[in-house]
Structure formats: structure tokens, C-alpha cells
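The block underneath contains the structure these notes are about, expressed in C-alpha cells.
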Number of protein chains: 2
Amino acid sequence: MGARQAQKQQSRRALLDAGLHLLAEQNLASLGVREVTREAGLSPAAFYRHFPDLAALGVALVEESLVSLHVMIRAVLAEAGGAEELIDRAVDVIERHVREHRPHVRFLARERHGGVRLVREAIDAELGRFAAEVGAALALQPSSRDWSERDLRMLAELYVDLMVSTAAALLEAREADSGGDPARVERIAATARLQLRLISLGRRHWTGS
Amino acid sequence: MGARQAQKQQSRRALLDAGLHLLAEQNLASLGVREVTREAGLSPAAFYRHFPDLAALGVALVEESLVSLHVMIRAVLAEAGGAEELIDRAVDVIERHVREHRPHVRFLARERHGGVRLVREAIDAELGRFAAEVGAALALQPSSRDWSERDLRMLAELYVDLMVSTAAALLEAREADSGGDPARVERIAATARLQLRLISLGRRHWTGS
DNA sequence: CCATTCAGTAAACAGTCGTTTGCCGAACTT
DNA sequence: AAGTTCGGCAAACGACTGTTTACTGAATGG
């Protein structure tokens, strides 16, 4: 890649980072072009060399945020193991992901039901593919031998919902203004583990719909 | 109440309604004072006779939104009945609530992780009290005879999370721009019923943490 | 080495914004 | 009936907004 493209990518990165940083305390809909470029150290007009819209920047952030999410989920599903270990590992992975990708997670939580339709739909679609992936992984497990497609999907969605709300709760507990309360973080993780245990219990006794 | 207060309340109502209406397509953080007063048919300065801030209007909307929610949950919990009927009734109540209070539900979904901290905390606190209420109701049921306080709370939170995400999904499916797809609405409700059945199955076989 | 491409700039456009001010007049109080 | 309270208004303030324009100068390709 020429030095040309490299510098352009660098500016693009600066814009994305600036947006991500500003979105820590506001939503996409209230973000301003000038605000972003100021934070990125560029002139307002430079923005339009990279994105037509702020919504476009938002969509770019969605794609970026979900790549790491998919990597994460595969890390959990790939390894086999007993139900208990799998639960512990899943919660650990969620916790680590929130810790290491806080701005991205916050962005997703904030814009999932936010005011910009394109972004909302992009997140929802990706979360759906996400559930499909979990469902496919569940189908391979022997314990779901005679589960219908529909029931598997339902279970996968339940897992994804639980993961999402756990991540959001962990995020809130970690925010600087709440002191990053570590006890609260552990309580949330513990609750998630219990909930997963309860679900896997229901799963073992499921007789089909 | 004097005609004085009555007219003031009417203006306040107009402001709240205008805000709620505008928040259908944007978030609180991007709402403007002038925008709201324009929609409400008042002068910009009039706003400050009722609220110091837009955040204050937001908090008022939170309180308003949650009153009807509490009424709703009591309607479900109050009546007894078999597990299956209870599940069906719970999902019906959620569905009806989303149908009849769409703007409020949308507001809650949008601002729960939104950019205005005061509003976010108000919603979270109320959702917490909400889970406590569900937990208390669960404690009265014979099937949770020897459940620890912690396990009950965990279960209550699972129910509340499921309710919230189901409501949000129903909302999205009903939005005008997605055609109000009735099949999608029914699919979401059916999934929620299955998930509740799975949880109640896990509940029956729970042996404590 | 010369021509071209193109990311980034400064300046200007016409708006909108939040908030304060002083004032009006109808509803209250006494 | 006189005086007070107070919700609502028009107007003005400076600050900030998104977007377009014409331009600069370094990397690119022949």
C-alpha cells in the first residue's frame, strides 16, 4: 500500500477513534461533524473525504465492533468441555471483552436502540447472525440431539440476550463515574453464571415444544 | 385545583408529549429546547417555566413511563394459575403494553443505555426495584420454598431481562418503517413463551447454588 | 522531471441553537 | 377593588452548526 493510502487510513482511523471517544458520553445522533474533526485534529471539510455522513461513520463503527465480538464467541464455542466449565469460560470471555473493548461495547449498547435507523438495523442484523452461529454450534452438541430447529434458535437467542444484557450491566458497573466498583462487577458475573446454570438445567429436561 | 395550576399542567403535558413524540426518531441527548417548544406550540422561553433542563424533562418521562410498567407487572403477578397460563398471560401483557404505550416503551429502550446519565440511572434504579418486586412475588410461590434469597433474585433478574428484551424486540417489529410486520410480532411472542417455558423447567429442577 | 491526483485547509454561507431579558395580562389573594 | 403572582411572549445575545468553495502542496505515475 502506497504512502498515500497509508496516510489516508491514518486519518480515517483518527476520525473513528475520535468518534468512539466522544460517543462515550453522548449518542451518535447528537454527534457533530465539527466535533469529531476537532477531536481528531483535522479540519471540518476533511471529514467528507472519508464519510458522506455521520451515519456512515456509525456504520463503520458497527462493523468494527462486531468483528471482535465474533472472534470472541468463537473462542467460547470452539473449545469443548463440561457444561460448568463452558459456563465459566463464557462469562470470563464476556468479562474480558468488556474490559478490553469498552468503547466498542458501549457504542453497541448505546446505539442498539438509538436514533439512527441504519445503525440500529446493522446491529440487529449482526446480532441475528450471531444467534445463528450459536445455534449452529448448539446443534453439534450431542445433548441437543432431538431438538427442533425452532427450539435451537430459541435457545440460541436466549443465550445471546443474556450475553448482551450481561455485557451491558458489566459496562455500567465499570464506568469511571460509578467508581469502577469491582464488587458489583463480580456480583453481575456471578448472577450470569447462575442464570446460565439454570438455563442449562432447563435444557437438560427439555422435551420439545 | 385552580385554573392557574390547570393551565400550567396543560402546558407541561404539551411539553412532555412533544418530547415523547420527537423522541420517536432521535435520542434525548440530541433533543433541543427550541425543537420541543416548537412542537408543543409554545415559545422557547416557556420551557424554563417547567424544567431547568432537558435532562429534567427526561427524568419526568422516566417516572411517567414506569408507573404504567409497575401496574402491568402487578397485573401478571397478582393472579395465580398454572405455570403455562401464567406464561401466556405474561407475554400477552407485555404485548399489550408495547401496543398501548409504544412511545414510552421506545423511550425507555432508547435511553436505558443512552447518553444522559441521570436518565440512565433513573431507569436502572427503577428496573432494579422492578426485579425486587418480581423476586418478592416469586418468594410467595410454593415452588420456591427452599430457594435462597440470592437465587430468587437471580431468577427475578432473568425474568426482567427477558421481559425487557422481548419488549424491545416487539417494539422494533412494530415500528411503522418495518411495516408493522404482524408475523414477526407473533414469532417474537412465541419465542418468548418458549424461553419462559425453558426457564420454568430449569426452575423446577433447581437444587440451589 | 513534469503533469496529475487528491487528502487536507481556510474561509464563508445561511442557519439553528440555548439562555436571558423585560414585559404583558390573566388568574389569584386580600 | 386594588395589589400581587406568575405563565407565556418577543427579541436579542454570542456561539456553534453542516456543508461548499477555491486553494495548496505532497505523493504518484509516466
**Asked** Taking the side chain of A:Arg4 as heavy atoms from C-beta outward, which of C:dG18, C:dT9, D:dG25 is closest to it?
**Response** D:dG25
**Message:** Testing the 3.5 Å rule here: is there a donor-acceptor pair between the side chains of B:Ser209 and B:Arg150?
**Reply:** yes
**Message:** If you assign B:Ala3 and B:Pro44 each to the DNA chain C nucleotide with the nearest heavy atom, which residue ends up on the more 5' nucleotide?
**Reply:** B:Pro44
**Fill in**
With the side chain defined as heavy atoms from C-beta on, B:Arg34 is closest, among C:dC28, D:dA12, D:dA26, to D:dA12
**Message:** Among C:dG25, C:dT19, C:dA7, which nucleotide has an atom closest to any side-chain atom of B:Val33?
**Reply:** C:dT19
**Asked** Rounded to the nearest 0.5 Å, what separation is found between the CE atom of A:Met72 and the CZ atom of A:Arg74?
**Response** 11.5 Å
**A:Ala45 side-chain proximity, nearest of C:dT9, C:dG18, C:dA7** = C:dT9
**Request:** Kindly point out which of C:dC17, D:dC9, C:dG8 is positioned nearest to the side chain of B:Ala46?
**Result:** D:dC9
**DNA chain C stem ranges, 3 or more consecutive Watson-Crick or G-U pairs under 3.5 angstrom** = C:1-12 with D:19-30, C:14-17 with D:14-17, C:19-30 with D:1-12
**Nucleotide of C:dG8, D:dA27, D:dC9 approaching A:Ser11 most closely (side-chain heavy atoms)** = C:dG8
**Asked** Start at the 5' end of DNA chain D and walk down; is the nucleotide closest to A:Gly32 or to A:Gly2 reached first?
**Response** A:Gly32
**Fill in**
Heavy-atom nearest nucleotide on DNA chain D taken for A:Glu35 and for B:Arg49; more 5' hit belongs to B:Arg49
**Message:** When you compare the side chains of B:Gln141 and B:Arg203, does any donor N or O come within less than 3.5 Å of an acceptor on the partner?
**Reply:** yes
**Asked** Any side-chain donor paired with an acceptor under 3.5 Å for B:Glu157 and A:Gln195?
**Response** no
**Message:** Can you tell me if A:Arg38 touches the phosphate of D:dT17, counting only side-chain N or O atoms and a distance under 4.0 Å to OP1 or OP2?
**Reply:** yes
**Asked** For C:dT20, does OP1 or OP2 lie under 4.0 Å from any side-chain N or O of B:Tyr48?
**Response** no
**Request:** Would you please say whether a donor-acceptor pair under 3.5 Å links the side chains of B:Gln10 and B:Gln5?
**Result:** no
